[in-house]
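Note sheet for the following structure.
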Amino acid sequence: MSQNTDGDTHVFRALRVLSGVAAHLSAFSLTVYMIFVSQPGATLFSWHPFLMTLAFSFLMTEAILVFSPDSSLLRSFSRRARVQVHWVLQLLCVVCSLLGLGIIYSNKVLQGKPHFSTWHGLLGVLTVLWTLLQSVGGVTLLYPKLVQRWNLATRKLYHATAGLIGYLLGCGSLLLGMCSLWFGASVTGLSWYLCVLCPVLTGLVIMNQVSNAYLYRKRSQS
């Protein structure tokens, strides 16, 4: 019985490692491919898909995976060092997303088009605002004395839960962007399906990581 249990444990850990590696590769590959598709600098609009993909496919994914016990690229680093890397990546994510939002807004103004008239636009601005507020809320983890209403463990749970929601919003925004006329005309066939697979895969991996680290553990303790 114990041998079977140990075998199952090794199998599940191997699957988590492989899924983490797949998430790293998916996040990186989609971002690099978006450089090829959008060609940043060709037009004002071209910066929008690149910056948003960089923010929510690569930077935010890596900011969360840095804490993964199975697939973090910084497993040998101290917890404090990984927290610092997380904050740097998340700050870059916020900066890129705000720039991407500002660029698409300016592009709409120049072309005389309405703002936030699609589901992609509405979910996109919600995602950026959520990410900004989530990052501001995370400051309370760095400086616990700022908010003393909840203990540190509760704040970590709220931060992880809100972060997961924000990440899934980002994945949803990317998926809706891939359904846009521009992306559909630029990417077709098997390439389109592979692009769609990337945020779906990373979303599942991140959801599993955060759930196992915080939500399931909290439920088992209650």
Side-chain angles (χ1 to χ4, degrees), residues 23-68 72-74 82-108 115-116 118-139 159-160 162-180 182-183 186-187 195-207 209-210:
H24 284 294
L25 292 176
S26 297
F28 179 75
S29 299
L30 180 60
T31 305
V32 172
Y33 185 67
M34 189 57 66
I35 297 176
F36 169 76
V37 173
S38 64
Q39 299 183 2
T43 62
L44 178 62
F45 170 81
S46 65
W47 286 104
H48 172 72
F50 166 67
L51 287 170
M52 290 307 197
T53 305
L54 177 62
F56 295 108
S57 176
F58 181 71
L59 292 172
M60 185 176 279
T61 300
E62 293 301 327
I64 300 175
L65 285 178
V66 75
F67 294 121
S68 171
S72 173
L73 300 178
L74 305 177
R82 282 180 287 155
V83 169
Q84 291 175 341
V85 172
H86 171 79
W87 267 101
V88 170
L89 292 174
Q90 195 61 34
L91 179 61
L92 291 173
C93 171
V94 171
V95 171
C96 288
S97 65
L98 289 174
L99 287 174
L101 178 61
I103 285 173
I104 194 62
Y105 188 91
S106 299
N107 187 70
K108 295 273 188 181
H115 301 288
F116 315 123
T118 64
W119 286 111
H120 170 62
L122 292 172
L123 186 62
V125 70
L126 174 61
T127 302
V128 173
L129 292 176
W130 186 281
T131 303
L132 180 60
L133 292 175
Q134 161 70 358
S135 298
V136 172
V139 174
H159 182 68
L164 176 59
I165 294 173
Y167 185 81
L168 294 179
L169 286 173
C171 290
S173 298
L174 290 176
L175 288 172
L176 287 176
M178 293 174 186
C179 296
S180 66
W182 171 81
F183 194 84
S186 303
V187 181
C195 288
V196 169
L197 179 63
C198 288
V200 172
L201 174 62
T202 58
L204 291 174
V205 171
I206 295 299
M207 187 163 50
Q209 175 187 324
V210 175

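Worth saying up front: this structure is predicted, and the values here are computed from it rather than measured.
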In this structure, CG of L51 is separated from SG of C93 (nearest 0.5 Å) by 11.0 Å
Around atom CZ of F116, are there more than 12 heavy atoms from other residues, nucleotides or ligands closer than 6.0 Å? yes
Distance from L30 atom CG to F56 atom CZ, nearest 0.5 Å? 13.5 Å
For S46 versus T43, what's the shortest heavy-atom pair and its separation? OG-O, 2.5 Å
Of all heavy-atom pairs between S38 and P49, which one has the smallest distance, and what is that distance? CB-CG, 3.7 Å
Q134 versus I165: any side-chain heavy-atom pair under 4.5 Å? no
Where is the tightest heavy-atom contact between S186 and V37, given as atom of each residue plus distance? CB-CG1, 3.8 Å
Between CG of L201 and SG of C171, what distance do you get to the nearest 0.5 Å? 9.5 Å
If you take all heavy atoms of T61 and I206, which pair is closest and at what distance? O-CD1, 4.2 Å
Roughly how far, to the nearest 0.5 Å, is the SG atom of C96 from the CH2 atom of W47? 10.0 Å
Would you check if L126 and L122 make a side-chain contact, meaning some heavy-atom pair closer than 4.5 Å? no
Specify whether F67 and H86 have parallel, tilted or perpendicular ring planes, treating 30° as the upper limit for parallel and 60° as the lower limit for perpendicular. tilted
So W87 and V139, side-chain contact (heavy atoms from CB on, under 4.5 Å) or not? Walk me through it. CA-CA 9 Å; W87 267 101; V139 174; 3.9 Å; yes
Could you tell me which non-hydrogen atom of T202 sits nearest to which non-hydrogen atom of A27, and how far apart they are? CG2-N, 4.3 Å
To the nearest 0.5 Å, what is the distance between CG on N107 and NE2 on H115? 10.0 Å
Are the side chain of W130 and the backbone N or O of A162 linked by a donor-acceptor pair below 3.5 Å? yes
For a 4.5 angstrom cut-off between non-hydrogen side-chain atoms, does T131 reach M60? yes
With a 4.5 Å cut-off on side-chain heavy atoms, are L175 and V196 touching? yes
Minimal heavy-atom distance between S173 and H120, with the atoms involved, is O-ND1, 3.1 Å
Check whether any side-chain heavy atom of M178 lies under 4.5 Å from a side-chain heavy atom of C195, and answer yes or no. yes
Quick check: does any side chain N or O of Q90 sit under 3.5 Å from a backbone N or O of G138, one acting as donor and the other as acceptor? no
How many angstroms lie between OG1 in T53 and NE2 in H48, if you round to the nearest 0.5 Å? 8.5 Å
Does OH belonging to Y33 count more than 12 external heavy atoms closer than 6.0 Å? yes
Taking C-beta and beyond as the side chain, do L176 and F183 meet within less than 4.5 Å on heavy atoms? no
